[in-house]
Colleague: 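What follows is a structure written as structure tokens; I'll ask about it next.
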Amino acid sequence: MNDAAHDGDEGSKDFVREVIREDLEAGRTQTVVTRFPPEPNGYLHIGHAKSMCLNFGVAEEFSGRCHLRFDDTNPTKEEHEYIESIQEDVRWLGFDWGEHLFFASGHFDTLYEWAQHLIRAGKAYVDDLSPEEMREYRGTLTEPGKNSPYRDRPMEENLDLFTRMKAGEFKEGARVLRAKVDMASGNINMRDPVIYRILHAEHPRTGTEWCIYPTYDFAHGQSDAIEGVTHSLCTLEFADHRPLYDWLIASLPVPFVPRQYEFSRLNLTHTVLSKRRLIQLVEENHVRGWDDPRMPTLRGLRRRGYPAPAIRDFAQRVGVTKSDNVIEVQLLDHCARELLNKTAERRMAVLRPLKVVIENYPEGEDELLDAVNNPEDESAGKRQVPFSREIYIEREDFMEDPPKKFFRLGPGREVRLRYAYFITCTEVIKDDSGEVIELRCTYDPATRGGDAPDGRKVKGTLHWVSAAHAIAGEIRLYDHLFTEAEPSAGEGFLNGLNTESLTVLEGCKLEPSVAELPADAALQFERQGYFNRDPDSNDERLVYNRSVGLRDSWAKIVAKGGANT
RNA sequence: UGGGGAAUAGUUUAACGGUAGAACGACGGGUUCUGGUCCCGUUAGUCAAGGUUCGAAUCCUUGUUCCCCAGCCA
């Protein structure tokens, strides 16, 4: 995975790795320690994947380690279920934290002692202001705040009140512990931030042991220090917190001084990545759940059939900088296709079947034809596909009045059935409404396998499935969740939902060997795209998700209206 | 009007005072039993204005635009 590091040809790569390299060279640290710090209040999405690839990737490249640490400081929002599912998702993406599983809650005792330390140093006080009053005292972005009347409470009284907060003597919200920094600071995070609050809630890990909990600012950097994290990598919105991060570390008896560095978060076109919006999509049933294949969650992507290595490749290509960015989803699709093209076995499946009867093929007979499993990988071998007099082809592979650039089947035209024979359309059968319901064709027995001995060429090759041997399947096609590349901010974003993001096709015809594939095999249905079996599949019915379609130059011609030119 | 961050092809991203390069996309062509893959080519960029320098994306000045911050969320 880190071959480049051994080739000696690796450059600065990105500013984080550059900083680390300098720190190593300057001897500021011997070992690189990073951490991936999710809050267990939701499922991981592709934005988290970027963070994991950075944190775990850097640790591996520099022979250090990366901790998995749950930032579980707010019991009112966190659940045990997420602690499990997050670990599962991290493993699925391909990362291993080894022995280094931590919880901010595991550091609660130390954090409590450190809070007392701060009080004794005159750097923290218990405040009785209500949340509303505190907001008023805080000032605004352009005006300084003013000191709380409780700011100069004697140290002994602060210690006593803090002890009583811990003992559960006060109601939620009645008092908080605040760091005494600077109410006039231009940086609002420095205006005496709350570092402990009363929460009479049951914690997923510590139960009812505590009723006061540290805030993010008093837990994150402190956990970094306790665990010996050298490089605490977070997203840009925390840059404003860095002065506080450093102030607290400098004010506490920490065993180690960690440093925080910020990079810009990932944004993707045609989707949303904020936790709040994702929750809304699920709760209002705009999608079928957190693992809906349209969701940008890791569970969604996995169910959709995006392989973990493709997501890691994507994260690597996207880079790490401090500039705002919106990555085009096409890049993600490209990463998936590139990997799947090399690894996915090919099969044939007809999504929208049109029956074809080959009139000169003997009735009641069939035969097996050789088909290559993966033209990109000879070791994938071959399989045999049954052929017979009645087959299905794709409806869109036939046009009664084809435009000039249409290379597929039409009245009187000859095309190749992949790995089978050349066939020529001799008759078109329609129902009362004029819809084509069946084609009559003849085949050339001399073209068995797909080549004409006389060197005759055809312009089109179609996939097909023998009617008698086909197995039925349901196929789900996906499109962007949002029509616009960048869904509007605010509540209006739901207006941009793509009403056609899901297309369910029933009555699809699958090549019989599909049933023998392992349930988790990624495959390509030739000329259609890459697919994987959905967990909704059972003994009676197979359900396939299209992960991503093949690049489709014919669709582009049609879209431009140039089919006739 | 406070504090912090960022501006390089359509989108991401390299460059560390010395030829602005890559990937994705788009467009055109070649190969092909997948209108796929692969191969070749085209397109297109330093936010602006000054300054320093033989030489500036890079250093300085001024300005412009965008993003984040006023939770007892993280």
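Order of the sequence lines sets the chain letters (A, B, ...), proteins ahead of strands, with each chain counted from 1.
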Colleague: Residues in side chain to side chain donor-acceptor pair (under 3.5 Å) with A:R418, at least two apart?
Modeller: A:E526

Colleague: Any side-chain N or O of A:T140 less than 4.0 Å from the OP1 or OP2 oxygen of B:A70?
Modeller: no

Colleague: Please state the C1' separation for the pair B:G17 and B:U46 - nearest whole angstrom.
Modeller: 15 Å

Colleague: Nearest to the side chain of A:R317, which nucleotide is it out of B:A23, B:U12, B:A70?
Modeller: B:A23

Colleague: In terms of relative ring orientation, are A:W210 and A:F108 parallel, tilted or perpendicular, with 30° and 60° separating the classes?
Modeller: perpendicular

Colleague: Output all residues satisfying side chain to side chain contact (heavy atoms under 4.5 Å, CB included) with A:P309, sequence neighbours left out; order by chain, then residue number.
Modeller: A:P307, A:R312, A:L339

Colleague: Where along nucleotides 25-31 of chain B does protein come under 4.0 Å, by heavy atom, of base (B) or sugar-phosphate alone (S), with - for untouched nucleotides?
Modeller: -SSS---

Colleague: Among the nucleotides B:C72, B:U34, B:A74, which one has an atom lying closest to any side-chain atom of A:T461?
Modeller: B:U34

Colleague: What does A:T321 touch in the nucleic acid at a heavy-atom separation under 4.0 angstrom: a base, only the sugar-phosphate, or nothing?
Modeller: sugar-phosphate

Colleague: Give A:Y213 one of three labels, base, sugar-phosphate or nothing, depending on what nucleic acid heavy atoms sit under 4.0 Å from its own.
Modeller: nothing

Colleague: Write down the distance separating the P atoms in B:G21 and B:A15, rounded off to the nearest Å.
Modeller: 14 Å

Colleague: Less than 4.0 angstrom between a side-chain N/O of A:T269 and OP1 or OP2 of B:U11, yes or no?
Modeller: no

Colleague: Give a yes or no on whether the backbone of A:P214 and the side-chain of A:R197 come within a donor-acceptor separation of less than 3.5 Å.
Modeller: yes

Colleague: If we take the P atom in both B:A7 and B:C47, what is their distance in whole Å?
Modeller: 9 Å

Colleague: Taking for each residue the nucleotide of RNA chain B with the nearest heavy atom, is it A:N187 or A:R346 whose nucleotide lies nearer the 5' end?
Modeller: A:N187

Colleague: With a non-hydrogen cut-off below 4.0 angstrom, is A:L129 in contact with a base, only sugar-phosphate, or nothing?
Modeller: base

Colleague: Please pick, from B:U34, B:A70, B:U12, the nucleotide with the shortest atom-to-atom distance to any side-chain atom of A:V326.
Modeller: B:U12

Colleague: Determine yes or no for a side-chain-to-main-chain donor-acceptor pair under 3.5 angstrom, with A:R178 supplying the side chain and A:D192 the backbone.
Modeller: yes

Colleague: As a check on the pairing definition, encode RNA chain B in dot-bracket form, counting Watson-Crick and G-U wobble pairs whose two distances are under 3.5 Å, and using | for partners outside this strand.
Modeller: .((((((..((((....[..)))).(((((.......)))))....(((((..]....))))))))))).....

Colleague: Describe, in one word, how the ring planes of A:Y196 and A:F162 are oriented to each other, choosing from parallel (under 30°), tilted (30 to 60°) and perpendicular (over 60°).
Modeller: perpendicular

Colleague: Within the pair A:T73 and B:A74, is there a side-chain N or O less than 4.0 Å away from OP1 or OP2?
Modeller: yes

Colleague: Can A:Y216 be called stacked on B:A74 when the rule is centres closer than 5.5 Å and an angle between planes below 30°?
Modeller: no

Colleague: If you look only at distance, which donor and acceptor atoms sit under 3.5 Å apart when one is on a side chain in residues 46-54 of chain A and the other is two or more places apart or in another chain?
Modeller:
unit_1 : atom_1 : unit_2 : atom_2 : d
A:H48  : ND1    : A:H45  : N      : 2.9
A:K50  : NZ     : A:S264 : O      : 2.7
A:S51  : OG     : A:N55  : ND2    : 3.3

Colleague: Apply side chain to side chain contact (heavy atoms under 4.5 Å, CB included) to A:Q384 and list each qualifying residue two or more places apart in sequence or on a separate chain.
Modeller: A:L368, A:D370

Colleague: Rounded to the nearest angstrom, tell me the gap between atom CG in A:D182 and atom P in B:G2.
Modeller: 17 Å

Colleague: Out of B:U34, B:A74, B:C24, which has the shortest distance to the side chain of A:N74?
Modeller: B:A74

Colleague: What pair of heavy atoms forms the shortest contact from A:S105 to A:T206, and how long is it?
Modeller: CB-CG2, 4.0 Å

Colleague: Within this structure, what is the CZ-OG1 distance for the pair A:R416 and A:T447, rounded to the nearest 0.5 Å?
Modeller: 9.0 Å

Colleague: Under 4.0 Å, counting only non-hydrogen atoms across every strand here, what does A:E39 touch: a base, just sugar-phosphate, or nothing?
Modeller: sugar-phosphate

Colleague: Between B:G41 and B:A57, how far apart are the two P atoms, rounded to whole Å?
Modeller: 27 Å

Colleague: Identify whether any heavy atom of A:L141 sits under 4.0 Å from a base atom; if not, whether one sits that close to sugar-phosphate; answer base, sugar-phosphate or nothing.
Modeller: base

Colleague: According to ring-ring contact (aromatic ring centres under 6.0 Å, His included), who are the partners of A:F525, at least two apart in sequence or on a separate chain?
Modeller: A:F531, A:Y544

Colleague: Taking all non-hydrogen atoms of both residues, which atom of A:V372 and which atom of A:R383 are closest, and how far apart?
Modeller: O-NH1, 3.2 Å

Colleague: How would you summarise protein contacts on nucleotides 38-48 of chain B per nucleotide, using B for base, S for sugar-phosphate only and - for none, with heavy-atom distances below 4.0 Å?
Modeller: -----------

Colleague: Is the closest side-chain heavy-atom distance between A:M348 and A:K509 below 4.5 Å?
Modeller: no

Colleague: Using the side-chain heavy atoms of A:T142, tell me which of these nucleotides is nearest: B:C69, B:G35, B:U1.
Modeller: B:U1

Colleague: Tell me, please, which residues at least two apart from A:E25 pass side chain to side chain donor-acceptor pair (under 3.5 Å).
Modeller: none

Colleague: Report which part of the nucleic acid A:V318 touches: base, sugar-phosphate, or nothing (heavy-atom distance under 4.0 Å, all strands).
Modeller: sugar-phosphate

Colleague: Assign B:G63 to syn or anti; the rule is syn for a glycosidic angle within 90° of 0 and anti otherwise.
Modeller: anti

Colleague: Just checking A:M190: base, sugar-phosphate only, or nothing, at a heavy-atom cut-off of under 4.0 Å?
Modeller: nothing

Colleague: Using whole Å, report how far CD of A:E78 lies from P of B:A74.
Modeller: 7 Å

Colleague: From B:G36, B:G71, B:G5, pick the nucleotide closest to the side chain of A:P375?
Modeller: B:G36

Colleague: According to side chain to side chain contact (heavy atoms under 4.5 Å, CB included), who are the partners of A:E376, at least two apart in sequence or on a separate chain?
Modeller: A:N341, A:R346, A:N374

Colleague: Using the side-chain heavy atoms of A:R197, tell me which of these nucleotides is nearest: B:A6, B:A74, B:C69.
Modeller: B:A74

Colleague: Salt-bridge test for A:E394 and A:R352: reply yes if a basic N is under 4.0 Å from a carboxylate O, no otherwise.
Modeller: no

Colleague: Mapping A:A555 and A:E143 onto RNA chain B by nearest heavy atom, which one lands closer to the 5' end?
Modeller: A:E143

Colleague: For A:D333, report the nucleic acid contact type (base, sugar-phosphate, nothing); a contact means any heavy atom under 4.0 Å.
Modeller: nothing

Colleague: Contact class for A:S323 (heavy atom, under 4.0 Å): base, sugar-phosphate, or nothing?
Modeller: sugar-phosphate

Colleague: Roughly, in whole Å, what's the span from CD in A:E396 to C1' in B:U34?
Modeller: 13 Å

Colleague: Identify, residue by residue, the members of residues 237-245 of chain A with a heavy atom below 4.0 Å from RNA chain B, and return them in order of residue number, or none.
Modeller: A:E237, A:F238, A:A239, A:D240, A:H241

Colleague: Applying side chain to side chain contact (heavy atoms under 4.5 Å, CB included), name anything that partners A:R448, two or more places apart in sequence or on another chain.
Modeller: A:E367, A:L369, A:Y421

Colleague: Write down the distance between CG (A:L331) and C1' (B:U12), rounded to a whole number of angstrom.
Modeller: 7 Å

Colleague: Measuring to OP1 and OP2 of B:G71, would you say a side-chain N or O of A:R138 lies under 4.0 angstrom away?
Modeller: yes

Colleague: Measuring only the C1' atom in each nucleotide, how far is B:G55 from B:G18? A whole number of Å is fine.
Modeller: 7 Å

Colleague: Checking A:N325 side chain against A:S323 main chain: does a donor-acceptor pair fall under 3.5 Å?
Modeller: yes

Colleague: May I ask you to say what A:Q528 touches in the nucleic acid, namely base, sugar-phosphate or nothing, with a heavy-atom cut-off under 4.0 Å?
Modeller: nothing

Colleague: Using a heavy-atom cut-off of 4.0 Å across all strands, would you classify A:F70 as base, sugar-phosphate, or nothing?
Modeller: nothing

Colleague: Rounding to the closest angstrom, what is the interatomic distance between B:U58 and B:U52 at atom C1'?
Modeller: 13 Å

